[in-house]
A.B. asks: 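Have a look at the structure that comes next, please.
Letters A, B, ... are given to chains in the order of the sequence lines, protein chains preceding strands, and every chain is numbered from 1. Computed over heavy atoms, backbone and side chain alike; hydrogens, waters and symmetry mates excluded.
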Protein chains: 2
Amino acid sequence: MDDRPTGAAFLLTQLGTHAARRFGERVAAVDLTPPQAGLVRAVAREPGRSQQALAERLGTPATRLVALVDALEERGVLERRRNPDDRRLYAVHLTPDGEALRDDLGRLAAAHEDALLAALDPAERRTLADLLGRVAAAEGLTPGVHPGYRDLPADRGSQGAPPCGT
Amino acid sequence: MDDRPTGAAFLLTQLGTHAARRFGERVAAVDLTPPQAGLVRAVAREPGRSQQALAERLGTPATRLVALVDALEERGVLERRRNPDDRRLYAVHLTPDGEALRDDLGRLAAAHEDALLAALDPAERRTLADLLGRVAAAEGLTPGVHPGYRDLPADRGSQGAPPCGT
DNA sequence: CGAGAATCATTACAAGCGAGAATGATTGAC
DNA sequence: GTCAATCATTCTCGCTTGTAATGATTCTCG
């Protein structure tokens, strides 16, 4: 449909959106929303952190984390433990069920990666990961975490992205 | 921060989000939201289309286009022309100002691409575009257009995406 | 020629999501 | 021992998006 060769930047936003959606579909299979999945991963990475620490790590307002933790705690995935030393803050931990869920997510992510990059052979995948990693590093993105979504103006509407293909 | 080598799929969503945001910042410089920029581009590509045709092309509900076109028409960028043959539908066209804006967007997109991929030399950029293009084709994405955003469950919250890095 | 189905644009409505400000409890500094 | 600072929480507001109902016009078919 497009006459000109599509630019890499445009492909990046297009594929990024697509990949995020596909991943969202996958985590829905274990009854998680993408934000919830992100929280599980963050807690698994550094157990016992306070909610505020998690919020800063994820680049989200702390108020948002409250509801997120609430839902996952009710479900028995996460638990809040009081810190005897400082009773203001909670320490967020994974329950045994939570650890099982974390493992599920790992398998899910691997399957996602495999399906998404089905068109590339292993060597090409490494090349792609290398190129993307260098761009990400140059842009100052934290390896394990999404950029601050807070400032995102309208990634949502997203007809906005196509024009960069020009 | 991340211990394991980050997977390409995760990098894709991370960079895609980042690229979309950066592009949003750029179009804000000409007082456009990303969705508006997408609409300008779509009209420039095929002038005279009906609003419903545009809606289907962009994968957005037709009702959303009304407000979008309203704003840009008020601003003197777009104009609705009655079709004498079928007076139900409007033909959406670019005004001279709109064409100038389209050219601005083109330059903007080029600058965006250049800045985003500053870490790569021309050959590497071609390699990246090639790999991404093949993945996009395999995933059945329409070259010039974003995937249907309508079904997007929670690309927004977006802590969801990080976990695929596992 | 006329009645009914279909299509395009528009408006009005309701819902979901996220962000920001104010509140309470607890702790560290002086 | 008092005051400022920190963490968690609740509440409220604004924004964006999708769905449903309305009006006007055109095509189809008897």
A.B. asks: Would you mind reading off the distance between B/D70 atom CG and C/dT11 atom P, rounded to a whole angstrom?
C.D. replies: 6 Å

A.B. asks: If the threshold is 4.0 Å, N to carboxylate O, is there a salt bridge linking A/R107 and A/D103?
C.D. replies: no

A.B. asks: Using atom CD of A/Q52 as one end and atom P of C/dT26 as the other, report the distance to the nearest whole Å.
C.D. replies: 17 Å

A.B. asks: So, B/Q51 side chain and B/A62 main chain: donor-acceptor pair closer than 3.5 Å or not?
C.D. replies: no

A.B. asks: Using atom types as modelled and distance alone, determine if a side-chain donor or acceptor of B/E79 lies under 3.5 Å from a backbone N or O of B/T95.
C.D. replies: no

A.B. asks: Between D/dC7 and A/Q51, is there an OP1 or OP2 to side-chain N/O distance shorter than 4.0 Å?
C.D. replies: no

A.B. asks: Can you sort out which residues in residues 73-92 of chain A have a heavy atom within less than 4.0 Å of DNA chain D? Ascending by number, please.
C.D. replies: A/R80, A/R88, A/L89, A/Y90

A.B. asks: Could you tell me how far apart B/L68 (CG) and C/dT10 (C1') are, to the nearest whole angstrom?
C.D. replies: 15 Å

A.B. asks: Cationic tip of A/R41 within the cone over A/F23's six-membered ring, i.e. under 6.0 Å and within 45° of the normal?
C.D. replies: no

A.B. asks: Is it true that the side chains of A/Y90 and A/R81 contain a donor and an acceptor less than 3.5 Å apart?
C.D. replies: no

A.B. asks: Can you tell me the distance, in whole Å, between the CG atom of A/L54 and the P atom of D/dT6?
C.D. replies: 18 Å

A.B. asks: A/L65 has an atom CG; how far is it from atom P of C/dG20, in whole Å?
C.D. replies: 14 Å

A.B. asks: Within the structure, does a side-chain N or O atom of B/R64 lie under 4.0 Å from either OP1 or OP2 of D/dT16?
C.D. replies: no

A.B. asks: Might you work through the salt bridge (Lys or Arg N to Asp or Glu O under 4.0 Å) test for A/R125 and A/D114, ending with a clear yes or no?
C.D. replies: CA-CA 10 Å; A/R125 294 186 194 191; A/D114 211 58; 3.0 Å; yes

A.B. asks: Should D/dT12 form a Watson-Crick or G-U wobble pair with both distances under 3.5 Å, which nucleotide is its partner?
C.D. replies: C/dA19

